[in-house]
S.K.: 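Sharing a structure, written as structure tokens. Questions coming.
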Amino acid sequence: MIKPGSIIRNVGITATGMSVPDRVLTNQELETMVDTTDEWIRTRTGVIERHVATPGTPASELAKPAVLRALDQRGMKPEELELIIVTTITPDMFFPATACVLQEKIGAKNAWGYDLSAACSGFLNGLVTGYQAVASGTVDNAAIVGVDVLTSVTDWTNRDHCVLFGDGCGTFLLEPIPDDRQGIIDAVLHVDGSGGQYLYMLGGGSLNPPSHDTVDAGMHFLHQEGRQVFKVAAAYMAQATTEVLEKNGYTIDDVTLLVPHQANLRIIEAVAKRLKIPREKVLINIDRYGNTTSATIPIGVHEAAAEGRIKRGDLIVLTAFGGGYTWGAILIKWGCSPHFSPVG
Ligand code: ACO
């Protein structure tokens, strides 16, 4: 419930956290698994290595250290956490929600929460939803957790996509902040359901309940029409970025750092070119992590803050595109809390 007398509060990111599995899978190793080359993967995708979880690792296990790290950075006990939103397309299981599993694992016994599914745009959707809960006074804090174990739905015999993905988790802690010139400023989110035919996982749900036939047909693997997705991804991320900037009276020149979803280096470069933003103002870490789906953006922001690439008062834009189709952009004035002291 929204607390009586509540007004819309300013919301800041008061801590961040991330985690990736220890195991690093290099392009050279992939050369021994499928008909591919390090050179093809580097030049066509920008990925050099990715972190992969041991088969059977649940998303909640990757999320646990990321969230605990953010809470520790903020000096907050798990039991003080009020809301957990997990954004993922690879939950531990259909139900209970991974948010419930995580609540128990970290000892956040006073938090409620749920999972949210919007593929690679999941974290943006989670951030907007968490913002609304904190801004309205429904809760005084929320952990937004972008986590995916994409390797659990990867067909390791399919070179078209097994070279792209990695596993990871990134998290933001949201809290009300006093300064109305800081924090989460605005967001634009979009869906085009007609794009669903190009990026999907057909099996396992109510449409195709799991059976020997669905498994034999490989319907439990992610499927994408790479070229179709490629065509629209850059255009839509650039459009959403421009939309959120113009709505708030800014131009791309005002932006200190653009944090785009990391699906393909060529897509990121195309976004930068469309927006006319120099490469040094664009976060790129796809070379080390591949596409970690919901986790790319919070991992990118966590690293940028830890490296001092973003400072108090800097304008940053987060933008993503993914299955659905879903896409959007979020505008943030960084350095939104006196508590924020990033650790690597
Ligand atoms: N190694 C070597 N050759 C390969 C590989 C590989 N790993 N994969 C494909 N090829 C070959 C193809 O077979 C093809 O050969 P052909 O010309 O003889 O037919 C050739 O390379 C070119 O294939 P394309 O599919 O045209 O390659 P493209 O340059 O489009 O790159 C890729 C493919 C990387 C998938 C790209 O299209 C892409 O990044 N698409 C967008 C992905 C994305 O944004 N996804 C959204 C997020 S995911 C989510 O929401 C869960």
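As the structure lists them, so they are numbered: ligands from 1, and atoms in each ligand from 1. These numbers come from the heavy atoms of this one structure, side chains and all, not from hydrogens, waters or symmetry mates.
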S.K.: Side chain or backbone of N264 under 4.0 Å from ligand 1, or both, or neither, by non-hydrogen atoms?
M.R.: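 Answer for N264: side chain.
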
S.K.: Please check whether R227 reaches ligand 1 - meaning an N/O of the residue sits under 3.5 Å from an N/O of the ligand, judged on distance alone.
M.R.: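 In this structure, R227 places an N or O atom under 3.5 Å from an N or O of ligand 1.
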
S.K.: Considering S294, C120, G323, which one's heavy-atom position lies nearest to atom 48 (S) of ligand 1?
M.R.: C120

S.K.: Heavy-atom pairs closer than 4.0 Å: do any link ligand 1 to the side chain of N291, the backbone, both, or neither?
M.R.: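 For N291, only side-chain atoms sit under 4.0 Å from ligand 1.
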
S.K.: Applying a strict 4.0 Å limit to heavy atoms, is R266 in contact with ligand 1?
M.R.: yes

S.K.: Looking only at heavy atoms, is any part of D160 under 4.0 Å from ligand 1, and if so is it the side chain, the backbone, or both, or is it neither?
M.R.: both

S.K.: Quiz question for you: does at least one protein heavy atom lie closer than 4.0 Å to atom 44 (O) of ligand 1?
M.R.: yes

S.K.: Under a 4.0 Å heavy-atom limit, does V34 contact ligand 1 with its side chain, its backbone, both, or neither?
M.R.: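 Near ligand 1, V34 shows nothing, with every heavy atom at 4.0 Å or more.
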
S.K.: With the threshold set strictly below 4.0 angstrom, can you tell me whether any protein non-hydrogen atom sits that near atom 16 (P) of ligand 1?
M.R.: no

S.K.: Please tell me if the side chains of V301 and L318 come closer than 4.5 Å, counting only heavy atoms from C-beta onward.
M.R.: yes

S.K.: Purely on distance, is any nitrogen or oxygen of G226 under 3.5 Å from one on ligand 1?
M.R.: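 Between G226 and ligand 1, an N or O pair is found under 3.5 Å apart.
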
S.K.: So, regarding H261 and ligand 1 (criterion: nitrogen or oxygen to nitrogen or oxygen, under 3.5 Å), is there a contact or not?
M.R.: no

S.K.: When you measure from the side chain of T88 to the backbone of V147, do you find a donor-acceptor pair of N or O atoms at a distance under 3.5 Å?
M.R.: yes

S.K.: Rounded to the nearest 0.5 Å, how far apart are OG of S152 and CZ of F221?
M.R.: 10.0 Å

S.K.: For atom 1 (N) of ligand 1, which candidate among T43, T36, V232 holds the nearest heavy atom?
M.R.: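 It is T36 whose heavy atom sits nearest to atom 1 (N) of ligand 1.
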
S.K.: Report the part of I267 (side chain from C-beta onward, or backbone N, CA, C, O) that has a heavy atom under 4.0 Å from ligand 1; answer both or neither where that applies.
M.R.: side chain

S.K.: Heavy-atom contacts under 4.0 Å between Q224 and ligand 1: side chain, backbone, both, or neither?
M.R.: side chain

S.K.: Can you name the atoms of ligand 1, numbered from 1 with element, that are less than 4.0 Å from a heavy atom of G322?
M.R.: 50 (O)

